[in-house]
Amino acid sequence: MPLKIYNSLTRQKEVFEPLNAPYVGMYVCGPTVSGESHLGHARPFITFDVVYRFLLYKGYKVRYVRNITDAGHFEEEGKQAEDKIATKAILEKLEPMELVQKYTHLYHWAMEQFNNMPPSIEPTATGHIVEQIEMIKKIIADGYGYEANGSVYFDVVKYNDDYSKKNQPYGILSGRNLDEQLDTTRELENQEEKKNKVDFALWKKAPAEHIMRWQSPWGEGFPGWHIECSAMATKYLGKQFDIHGGGMDLQFPHHECEIAQSTVCNHQMPARYWMHNNMITINGRKMGKSYNNVIKLSELFAGNHPELTQAYSPMTVRFFILQSQYRGTLDFSNEALQASEKALRRLMEAYEWLKAQSFTAGSNASDPVLDSQLKTWVNELETFMDDDMNTAKVVANLFEIIPSVNSLKDKHITADAVAGDTWIFVQKQLELFIEQILGIKVEQGANRQQLNGVVDLLVEIRKDAKTRKDFATSDKIRNQLAEMGIQIKDEKDGSMSYTFI
RNA sequence: GGUCCUGUGGCCGAGUGGCUAGGCAGAGCUCUGCAAAAGCUUCCACAGCGGUUCGAAUCCGCUCGGGACCUCCA
């Protein structure tokens, strides 16, 4: 079955056909490193990590570009040109680049915790000032940009007039009508520089107190909000590439402006497939600074935030996110995270056990119904991914498969119920989907080996105690280990196993 | 005010016009020295009101509720 992707541009699922198969170019808007990443940021990066992994599995040679915004944008345009990063730097008494470095490290640390694969290229805005200036020059030369007082703006109205004739009006991605926007866009102060209030900045003149500043043909200043993505995507992926991803909240104005800029420079729509992940909400509200409901990733992993009743591991969070389809909102709650934590543990315990088994090919199934049912569930995994990355359904099917694995483990069924080839197939595909595609890894703490040795010893002692019918001792060992988060289980064959909770 | 999305069982979440989503929680059973785990079984649903249809959670309309974007935002 072919891979289908929901294209925000056309508002429908489309068969994915790369421009230059087997090569695929994918650009995803990365973070602004002026602060620590929060739970909301985790969603796009995990979502597109899975997209990346699945495309690789499909055999594509993917160049995945994810930028880092370290140049700082003005928060309130016109009113008081304010560089986000510079402002925070003064507050924290850090040099801007020192601050950028700090948060970049934290961001990379979080990505690693989530087991996200690094992108092929991770360009920074400050490293591409020249490319951005060149692009702005081109936009001005073509008549779609104009200078005013050392700043440069994009002429949205002219662009819209000209490109509407080419079926690419401004607002094509977000479904906005420019005339309506001209009526409804909020009035901001100091807008006299702009021809129209919908125009956006390509280059901004730096006020005296602004720390981050670069020389340009229009004086000292810094790049506008949207130009970096256009410049870097063009540089590394070409004039047109396959997939552009990001959060839904970037659809307007960020991606809309990106389309306008790139189209003027390159004469074509920059990306063919636009993918947008939906928001993570908390108590029904989008997580965001303006709502004051942000849970930082470090707080999430440590459990030190008023909204949290406990800590949640990176894999729990990843699994939580993958249990939903990326285009729907996902509501955070302790109850939901705890459910994911338990579900993930059950999944991984069964999976790890299965992985360690060896099966013999060639044997027949004594339960052909179960045998074919298992094969169906396994085969559906790829079908669900093909259907716009429906990880929710993939996970649901994994839980259809798990009971059979556990039944085999607990000897509720015998190995010959299912053909050896089928078990081998299940083994192989679960590894593929759980580890390679969903990117879920087994979480192990530090010093795990030593700890294993200690627990093994205690298990031995308990076994002896049980043999002597000294249940007081055996219970003491089991209960106290349980309190420390190590759970002992008496298996059917008299052996004991344990898991770290 | 404008544009758009959404409302599924205690919680989180899939979903095709007709067939059990799944997870967590709850109940029962099996196994077990007791537990835990696991397996099996089971309870709980499609905001409300109309309409289309042989048949709708799924299409249409209205009502009510929630949210997003229009300003930095994943």
Side-chain angles (χ1 to χ4, degrees), chain A residues 11 28-32 34 37-48 72-79 82 84 171 174-177 179-181 183-186 188 198 225 245-254 276-281 284-291 294 319-320 323-325 327-347 349-350 353 384 390-400 402-413 466 469 471 474-475 478-479 482 487-492 497-499 501:
Chain A
R11 292 155 205 276
V28 174
C29 292
T32 300
S34 62
S37 301
H38 59 74
L39 175 58
H41 295 116
R43 174 103 106 143
F45 303 136
I46 289 171
T47 297
F48 290 103
H73 303 300
F74 22 90
E75 278 182 310
E76 288 180 52
E77 188 180 349
K79 185 180 172 188
E82 206 178 2
K84 220 191 219 173
S174 52
R176 275 158 217 276
N177 177 307
D179 294 332
E180 280 166 3
Q181 284 185 70
D183 291 341
T184 60
T185 301
R186 191 170 54 175
L188 297 167
V198 289
W225 177 31
M248 239 169 209
D249 50 352
L250 294 182
Q251 220 174 46
F252 188 92
H254 184 57
H276 292 97
N277 64 275
N278 215 317
M279 303 290 104
I280 288 185
T281 58
R285 271 219 119 84
K286 169 186 165 181
M287 193 172 285
K289 271 179 199 155
S290 43
Y291 296 121
V294 163
F319 186 71
F320 169 67
Q323 269 184 301
S324 69
Q325 212 275 349
R327 281 191 290 115
T329 54
L330 173 59
D331 201 48
F332 164 89
S333 69
N334 282 285
E335 232 180 331
L337 262 296
Q338 280 159 11
S340 292
E341 186 180 50
K342 286 182 186 176
L344 177 62
R345 193 186 311 144
R346 185 157 83 91
L347 173 69
E349 270 182 45
W353 179 84
F384 294 150
N390 198 332
T391 55
K393 290 188 93 168
V394 170
V395 171
N397 255 42
L398 292 176
F399 280 101
E400 298 283 9
I402 287 312
S404 296
V405 174
N406 281 328
S407 289
L408 178 65
K409 180 188 172 199
D410 286 350
K411 300 185 169 57
H412 292 136
I413 60 171
K466 265 189 77 173
K469 299 223 182 279
F471 295 124
S474 85
D475 285 355
R478 184 180 62 198
N479 295 338
Q487 184 178 74
I488 290 191
K489 288 174 228 169
D490 294 336
E491 300 292 349
K492 300 270 178 287
S497 65
Y498 56 89
T499 44
I501 295 171

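In what follows, chains carry the letters A, B, and so on, assigned in the order in which the sequence lines appear, proteins first and then strands, with residues in each chain numbered from 1.
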Separation of B:C5 C1' from A:L330 CG (nearest whole Å):
16 Å

Could you state the CG-P distance from A:L337 to B:G23, rounded to the nearest angstrom?
18 Å

Using Watson-Crick or G-U wobble geometry with both distances below 3.5 Å, tell me the partner of B:C40, or none.
B:G28

Out of B:C24, B:A74, B:G2, which has the shortest distance to the side chain of A:H41?
B:A74

From CE of A:M248 across to C1' of B:A74 the rounded distance in Å is 12 Å

Using whole Å, what does the distance between atom C1' of nucleotide B:U3 and atom CG of A:D249 come to?
16 Å

With heavy atoms under 4.0 Å as the rule, sort A:Q325 into base, sugar-phosphate or nothing.
sugar-phosphate

Against the side chain of A:F320, the closest entry in B:G22, B:A14, B:C12 is B:C12

Tell me: CZ of A:F319 to P of B:C12, nearest whole Å?
17 Å

What contact category does A:G288 fall into here, base, sugar-phosphate, or nothing, at under 4.0 angstrom with non-hydrogen atoms?
nothing

Between atom NZ in A:K342 and atom P in B:G23, what is the gap in whole Å?
14 Å

Heavy-atom contacts, protein to nucleotides 30-40 of chain B, under 4.0 Å, summarised as B (base), S (sugar-phosphate only) or - (none) per nt, yield -S-BBBBBBSS

